[in-house]
Amino acid sequence: MQIKEVIDHLEVLAPSTYAEDFDNVGLLVGNSETVVTGILVTLDTLECVIDEAIDNNCNLIISFHPIVFKGIKKFNGSNYVERVVMKAIKNDIAIFAIHTALDNSLHGVNDMMCEQLGLINRKILIPQKGTIKKLITFTPLSAKEEVLNSLFKVGAGSIGNYSNCSFTSQGTGTFMALDKANPSVGKIGEIHHEKETQIQVTYPKHLEHNVLKALKASHPYEEIAYEITTLENKNQNIGMGMIGELPEPMNERDFLLYTKKVFKTGCLKHSELLGKPIKKVAVLGGSGSFAISNARKSEADVFITSDLKYHQFYEAEKQIILADIGHYESEQYTKNLIVSYLRKKISNFAIILSDKTTNPIQYI
């Protein structure tokens with residue numbers, strides 16, 4: 001199996017098209033056509049992780065965080081980023097980063113946090129906009145079912161818990177085939193009237209290549225008229241953060257101690273307790289201060305995230321408890337998620353969970 005085939009599996013779990021614009025996801029080091037000898041999954045790619053990959057004969061590292069985030073102008077080993085990249089190249093080890101693509105995945109980082117806390121009735125906290133597309137095309141009446149079925153087969157027409165969704169209407173299309181044309185209906189040089197079906201289907205933007213490929217393969221016309229628009233609808237399956245519920249309400253202090261235990265954090269910082277039970281819980285792995293207002297508006301009792309600054313705790317506004325459990329701690333189970341997913345998809349070589357703790361923050 002080549003690296004690009006492993007990446008294809010990861011693209012199903014967390015399509016890179018949904019990564020944040022500021023991010024640097026994808027194959028950072030290496031050649032996608034390299035044959036894989038083994039995969040090492042880590043939260044961060046450090047020099048010790050490269051050594052671990054060498055020791056385990058793994059030539060592909062799948063890292064949550066990208067080791068290369070900003071541009072590198074020199075490779076002289078003057079900092080840890082340069083040393084990691086140089087060591088990886090020297091030992092023919094590829095590095096793939098998934099980061100915010102997995103943050104925005106329905107079954108990604110935040111779902112894993114909810115899983116660890118035992119939350120039920122989960123949904124995305126901040127659904128993404130601009131990720132749902134609509135295709136409008138026109139087919140002869142006789143080709144409608146074949147075109148629709150081809151589009152459905154590649155994932156178009158799926159909305160939430162429904163599939164094979166479309167809208168069709170009938171009308172008459174006209175065209176005149178010119179000298180070099182090879183029309184499937186009509187004659188060259190004559191205006192032709194054809195009873196046609198207008199087909200409308202929606203699809204998530206990461207499927208666009210497959211949708212257009214299916215359209216062109218199934219459509220009988222030599223020249224296909226189609227239109228693609230981006231909808232304003234929020235995508236309930238893609239976005240940052242997640243919100244869920246505890247099976248049974250918990251006392252505030254008991255819940256915070258429970259959270260501290262689940263995420264093995266050396267220090268849990270929180271805003272003022274409000275004297276009411278905890279039932280509804282919002283989570284966002286990594287730096288989540290930007291989502292405080294979203295968590296409040298969702299009427300969550302507590303928002304679990306990390307990297308909150310002093311003044312941001314005031315933003316609780318006596319409406320919600322803000323809990324900072326630490327950046328590493330909030331994302332630590334992500335590598336377990338990736339390993340579990342890949343082991344179900346790939347069985348012909350080793351997929352190893354890194355045993356290196358890469359948390360740069362220590363507690364006394």
Side-chain angles (χ1 to χ4, degrees), residues 2-34 36 39-46 49-50 53 58-72 80-82 84-85 88-89 93-113 124 126-131 204-210 235 237-242 284-288 290-291 305-307 327-328 330-342 345-346 351 353-354 358:
Q2 295 178 313
I3 288 174
K4 62 184 178 183
E5 295 174 80
V6 178
I7 294 174
D8 287 343
H9 286 300
L10 294 172
E11 282 287 327
V12 175
L13 172 65
S16 56
T17 187
Y18 299 126
E20 299 296 313
D21 292 339
F22 65 81
D23 205 6
N24 188 31
V25 301
L27 189 62
L28 308 183
V29 177
N31 188 320
S32 63
E33 296 186 356
T34 299
V36 179
I39 299 174
L40 180 68
V41 181
T42 182
L43 198 66
D44 304 278
T45 305
L46 304 178
V49 175
I50 300 291
C58 294
N59 65 346
L60 173 60
I61 293 174
I62 297 174
S63 178
F64 178 66
H65 292 126
I67 183 63
V68 180
F69 198 75
K70 299 178 180 179
I72 301 177
Y80 79 99
V81 174
E82 294 175 10
V84 166
V85 174
I89 293 173
I93 294 174
I95 302 173
F96 179 89
I98 199 166
H99 205 206
T100 57
L102 195 58
D103 279 321
N104 279 312
S105 171
L106 180 65
H107 302 294
V109 177
N110 301 296
D111 187 56
M112 193 63 169
M113 291 180 70
I124 297 291
I126 312 175
Q128 270 195 12
K129 284 186 177 182
T131 62
K205 69 176 184 179
H206 73 279
L207 294 180
E208 185 159 301
H209 173 76
N210 292 337
N235 192 333
N237 292 325
I238 297 291
M240 284 284 181
M242 190 160 279
L284 199 154
S287 303
F290 65 89
T305 187
S306 71
D307 300 341
H327 195 119
Y328 174 88
S330 69
E331 298 172 336
Q332 64 185 294
Y333 297 112
T334 301
K335 59 183 183 181
N336 302 74
L337 182 160
I338 297 170
V339 167
S340 177
Y341 173 79
L342 286 179
K345 301 292 182 180
I346 305 168
I351 300 170
L353 179 69
S354 173
T358 57

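Any value given below was found using the heavy atoms of this structure, including those in side chains, with hydrogens, waters and symmetry copies removed.
Not counting sequence neighbours, the partners of Thr305 by the side-chain contact (heavy atoms from CB on, under 4.5 Å) test are Leu284, Phe303, Leu308. Annotation: side chain to side chain donor-acceptor pair (under 3.5 Å) contacts of Glu11 (sequence neighbours excluded): Ser16. Listed by chain and number, the residues in a side-chain contact (heavy atoms from CB on, under 4.5 Å) with Leu337 are Leu13, Leu102, Met112 (sequence neighbours excluded). The ring pair (Phe, Tyr, Trp, His ring centres under 6.0 Å) check on His206 picks up Tyr18, with sequence neighbours excluded. Every side chain to side chain donor-acceptor pair (under 3.5 Å) that Glu331 has, sequence neighbours left out, goes to His65, His327. With sequence neighbours left out, the side-chain contact (heavy atoms from CB on, under 4.5 Å) criterion links Ser340 to Lys344. Judged as a side chain to side chain donor-acceptor pair (under 3.5 Å), and not counting sequence neighbours, Asp8 has no contacts. Scanning for side chain to side chain donor-acceptor pair (under 3.5 Å) contacts around Thr334 gives an empty result, with sequence neighbours left out. Judged as a side-chain contact (heavy atoms from CB on, under 4.5 Å), and not counting sequence neighbours, the contacts of Ile89 are Val29, Val85.
Identified under the side-chain hydrogen bond (donor to acceptor under 3.5 Å, both in side chains) test for residues 99-113, with sequence neighbours left out: Glu20-Asn104, Asp23-His99, Asp23-Thr100, Asp111-Arg122.
Residues Val36 and Ile39 have side chains in contact (heavy-atom distance under 4.5 Å, counting atoms from C-beta outward). Side-chain contact check for Ile62 versus Val6: some heavy-atom pair is nearer than 4.5 Å. Using a 4.5 Å cut-off on side-chain heavy atoms (C-beta onward), Asn31 and Ile3 make no contact. The shortest side-chain heavy-atom distance between Val81 and Val84 does not fall under the 4.5 Å cut-off.
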